[in-house]
Amino acid sequence: MDNKKLADLLFPDVKLTVEQIEKKYPKRKLKPGAEVTRFAPSPTGFMHLGGFFQVLIDYSIAKHSDGVFFLRIEDTDQKREVSGASAVIMDILTGYGFTPDEYELKGGVTVGEYGPYYQTERKEIYRAYAKKLVSEGKAFPCFCKKTDGLADVELKRQKNFAQGLLEEKDPCRNLSMEQIEQNIKEGKKFAIRIKSNGDGKRKIKFNDGSRGEIEILQNSKDAILLKNDSLPTYHFAHAIDDTLMGTTVVVRGEEWLPSYPLHAEIFEALGFKQPKYIHTPLIYKFNEKGNRRKLSKRKDPEMDMRYFEKEGYDKTAVVEYLLNLINSNFEIWRKNNPNADFREFPFDGFKITTVTPIFDFNKLNDISKDVISKLSAEQCYEYLLNWAKNYSIENVEYLEKQREYVTKVLNIDREKPKPRKDIYKWSMFFELFDYMFGAPKSFEIDESERKNYEKVLRNYKNYLVLTTKEDWFNNVKKMAGELGYATDNADFKKNPNKYLGNVAKVCEYIRIAITGRKNSPDLYEIMTLLGEKEVLRRICAIV
RNA sequence: GGCCCCGUGGUCAAGUGGUUAAGACACCGCCCUCUCACGGCGGUAUCAUGGGUUCGAAUCCCGUCGGGGUCACCA
């Protein structure tokens, strides 16, 4: 077989040589130890939580080594491409503060010298390398009928499993030059497969950045390199792009672990050196049976990063939660550095989890409460307004008009040493403080308490004083005593039957009347903000 | 089915041959408190399992079990 002739037959139009290509991608001039990382999503229309997880690691590695973090869009599966998808990804990256050093906006700017950053724009590069491999006898054309879609594949697999065999070497590798010429003449489309040297028995070793040494069976499949539309598969593109673009560390999901041997063989055929790898676990959830299951696009809205924004989660909280999931050292570090930016979290000794974590909203909420409690009322207002502009438009007008009042409401139990921590997403603000913006919800008071409740309210009209917190409370206390409630907690505990209840009970009644709830922040602050007139109005509406 | 990854409380986990097996979230209780919170203190609960090696195993070795991934002209 004349491989050179075969290569020209298959790729008559490819004139670009790999030498010419490689000249355009010189080695990056970076200081020793600098790492180059990349985020390489396919544009499917959303930003995957798992992908974002990897961005955190990519960004950290690059920043802490004075390296480069770039974005490459893997749009080689044209069936799945969703328009505008890469904009969604860029929005999330920049929105969360992980703007890549190099990227390309479709129809817009390109930042960086190692582009194009869209794989479809690199088609000629892949073809040139494919031609080279064919001319060296390391790859061959395959004219078989294309298996299309998961259903086809599933069928093929089941058949193979039933027979206890897996098709390893493709029959097309034995085609004669005459047969190939005939096929080409007939206009048959072809894919390019690697001519695997593997025997399916030998093992190879490699070092995973988070799992250590892994021993795995070498590749023995004649995998597709170039599809019959001349676009590369992930495997081929990974080898070429990450080499040309100078990637030094590849962070990817653990679903890629089994294809490592294939990648090793492709790199070898191409004469390339492989980068370092870090395989990250997928993020899971429990299914109905209590087993772990992968987060799915259809069932789990939280797998799309935009979900968190929509829900009103603070971005910092989301990042901190994920950091916490990646590496529990983060939690200790955060405890010791309560006010540091999460970007300062030292990457050295970063122990990336190898366990498939379960997404835990409890923990996210807790971290979020903490983050939000540290903000000033002014910051809260800005974040809230910003969020409302995108996801709660009906509240924007009010927020803007009543800026001062809203800020004061936000400041209740805030900006003090032990701030209140009960808001974990912006949407809760409107729910939790609804009584500050309109009439309180009606509250079903228990029939047995109704009489006492109303009596307290009727009397309180004469004891309402808002001059100072002390005066306010002394008056509540005074009234409580006169109505038969305990004003001394210790005494109340000793003789609970002597009293109708304690001051706490009286406060509860007033709180219910004012807010329509049994729990709310500091009553005095609420009443002061509402104003005497409004407070009286609310009480009078009941008795 | 083959190959691979993973297995410490409900969740995230510290731990690398000798620990009363940290910590955080959640849950429960108590305390603090003028109410609601915050906070403080305490509690329930974990080394998947069997066999080795060893004076001694969560830790090393082998098997088993369980969960997950992968075996596409998808990434």
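Residue numbering restarts at 1 for every chain, and letters A, B, ... go by the order of the sequence lines. Here the structure is a predicted model, which is why all the values come from computation and not from measurement.
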Using a heavy-atom cut-off of under 4.0 Å over every strand shown, decide if A:Ser42 touches base, sugar-phosphate, or nothing.
->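 Answer is sugar-phosphate: A:Ser42 comes under 4.0 Å of backbone atoms only.
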For A:Ser259, answer base if it contacts any base atom (sugar-phosphate contacts may also be present), sugar-phosphate if it contacts only those atoms, and nothing otherwise; contact means non-hydrogen atoms under 4.0 Å.
->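 Touches nothing.
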Verify the contact: side-chain N or O of [X] to OP1 or OP2 of [N], cut-off strictly under 4.0 Å; return yes or no.
X: A:Arg157; N: B:rC71; result: yes
X: A:Thr353; N: B:rA13; result: yes
X: A:Lys205; N: B:rC4; result: no
X: A:Lys469; N: B:rU35; result: no
X: A:Thr147; N: B:rC73; result: yes
X: A:Arg517; N: B:rC36; result: no

Geometric cation-pi criterion A:Lys518 and A:Phe443, 6.0 Å radius, 45° cone | no
Using atom [atom1] of each nucleotide, how far apart are [N] and [M] to the nearest Å?
N: B:rG69; M: B:rC73; atom1: C1'; value: 22 Å
N: B:rA13; M: B:rG18; atom1: C1'; value: 23 Å
N: B:rA58; M: B:rG15; atom1: C1'; value: 8 Å
N: B:rU8; M: B:rC4; atom1: C1'; value: 23 Å
N: B:rG9; M: B:rU59; atom1: P; value: 14 Å
N: B:rC25; M: B:rG39; atom1: P; value: 8 Å

Quick one: the dot-bracket string of RNA chain B, using Watson-Crick and G-U wobble pairs with both distances under 3.5 Å, [ ] for crossing pairs and | for bases paired to another strand.
-> ((((((((.[[[..)..(....]]].(((((.......)))))....[[[[[..)....]]]]])))))))....
Go through the N and O atoms of the side chain of A:Arg193 and the base of B:rC73, and report whether any donor-acceptor pair is under 3.5 Å.
->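 Side chain to base: no pair present.
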Strictly under 3.5 Å: I want the nitrogen or oxygen pairs between protein and nucleotides 43-48 of chain B, one per line.
none

I'd like to know if the side chain of [X] pairs up with that of [Y] as donor and acceptor (distance under 3.5 Å, no hydrogens or angles considered).
X: A:Tyr313; Y: A:Asn365; value: yes
X: A:Ser259; Y: A:Tyr234; value: no
X: A:Tyr126; Y: A:Asp241; value: yes
X: A:Thr247; Y: A:Asp242; value: yes

Summary of salt bridge (charged side-chain N to carboxylate O under 4.0 Å, His left out) pairs that have at least one residue in residues 250-266 of chain A, sequence neighbours excluded =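 Sorted result for residues 250-266 of chain A: A:Arg211-A:Glu254.
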Basic-acidic side-chain contact under 4.0 Å: A:Glu331, A:Lys335 =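 So A:Glu331 does not pair with A:Lys335 through a salt bridge.
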Is the side chain of A:Lys227 donor-acceptor paired with the backbone N or O of A:Thr76 at a distance under 3.5 Å, no angle test?
->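 Yes, because the side chain of A:Lys227 sits within donor-acceptor range (under 3.5 Å) of the backbone of A:Thr76.
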